[in-house]
Colleague: 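Sharing a structure with you now.
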Amino acid sequence: MARVRYFAAAAERAGRTEETRSELTLGALRDALSRENPGLLAILPKCAVLVDGARVADTTEIGPDVTVDILPPFAGG
């Protein structure tokens with residue numbers, strides 16, 4: 001299961017700072033998070049989503065021992 005970490009406004013919208021997920025691709029994860037949490041839907045398209053510290057395509061497979069970070073835009077950056 002992938003470890004998903006939420007930061008700043010993403011954590012507020014998700015109602016948690018971390019969770020584990022079983023989706024097989026980054027795109028499937030984005031879709032599931034948007035469906036399950038309408039609060040995230042509003043900001044997720046603006047967020048940087050990193051898989052093990054790198055930006056990757058939505059077709060990228062994610063699996064166990066992978067960390068996905070969801071970082072909303074920060075002021076000044």
Side-chain angles (χ1 to χ4, degrees):
M1 307 242 327
R3 177 182 179 199
V4 179
R5 299 187 302 180
Y6 302 95
F7 295 86
E12 289 176 27
R13 300 277 180 119
R16 63 184 63 88
T17 58
E18 191 172 305
E19 68 177 312
T20 55
R21 302 292 302 206
S22 61
E23 286 78 19
L24 300 178
T25 66
L26 181 57
L29 175 64
R30 285 181 193 260
D31 291 344
L33 292 176
S34 294
R35 247 189 345 269
E36 294 170 17
N37 193 324
L40 272 178
L41 178 61
I43 65 165
L44 193 55
K46 300 173 192 167
C47 291
V49 179
L50 307 177
V51 176
D52 286 339
R55 287 183 185 243
V56 296
D58 277 355
T59 55
T60 300
E61 292 184 11
I62 55 175
D65 303 321
V66 168
T67 299
V68 178
D69 292 327
I70 300 179
L71 304 147
F74 293 93

Colleague: Among Arg30, Arg21, Arg16, which one satisfies salt bridge (Lys or Arg N to Asp or Glu O under 4.0 Å) with Glu36?
Modeller: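 Only one of Arg30, Arg21, Arg16 forms a salt bridge (Lys or Arg N to Asp or Glu O under 4.0 Å) with Glu36, namely Arg21.
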Colleague: Would you say the side chain of Thr59 lies within less than 4.5 Å of the side chain of Thr25, judging by non-hydrogen atoms?
Modeller: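 No. Closest side-chain heavy atoms not under 4.5 Å.
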Colleague: Any idea which heavy atoms bring Pro72 and Cys47 closest together, and the distance?
Modeller: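 The pair with the smallest heavy-atom distance is CA-SG, 3.6 Å.
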Colleague: Identify the two heavy atoms, one from Leu44 and one from Ser34, that lie closest to each other, and give their separation to 0.1 Å.
Modeller: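 Heavy atoms of Leu44 and Ser34 come nearest at CD2-OG, 3.5 Å.
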Colleague: Does Phe7 share a hydrophobic cluster with Val49, counting links as ILVMFWY side-chain heavy atoms below 4.5 Å and allowing steps through other members?
Modeller: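 No, because Phe7 and Val49 fall into different hydrophobic clusters, even though each may have its own neighbours under 4.5 Å.
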Colleague: According to a hydrophobic-cluster definition based on side-chain heavy atoms being under 4.5 Å apart (Ile, Leu, Val, Met, Phe, Trp, Tyr only), do Leu40 and Leu71 belong together?
Modeller: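 Different hydrophobic clusters.
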Colleague: Measure across Asn37 and Ala14 and return the closest heavy-atom pair with its distance rounded to 0.1 Å.
Modeller: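 Asn37 and Ala14 have their closest heavy atoms at ND2-CA, 3.2 Å.
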Colleague: Can you confirm whether Ile70 sits close enough to Leu33 that some side-chain heavy atom of one is under 4.5 Å from a side-chain heavy atom of the other?
Modeller: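 Sidechains of Leu33 and Ile70: in contact.
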Colleague: Could you see if Leu50 belongs to whatever hydrophobic cluster contains Val68? Use Ile, Leu, Val, Met, Phe, Trp, Tyr and a side-chain cutoff under 4.5 Å.
Modeller: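 Different hydrophobic clusters.
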Colleague: Rounded to the nearest 0.5 Å, how far apart are CD1 of Ile62 and CE of Met1?
Modeller: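 Going from the CD1 atom of Ile62 to the CE atom of Met1 covers 10.5 Å.
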Colleague: Return the OG1 to CG distance between Thr60 and Asp52, rounded to the nearest 0.5 Å.
Modeller: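 The CG atom of Asp52 is 11.0 Å from OG1 of Thr60, to the nearest 0.5 Å.
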Colleague: Please, which pairs that meet side-chain hydrogen bond (donor to acceptor under 3.5 Å, both in side chains) have at least one residue in residues 1-14, sequence neighbours excluded?
Modeller: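 The answer is Arg3-Glu18, Arg5-Asp69, Tyr6-Glu19.
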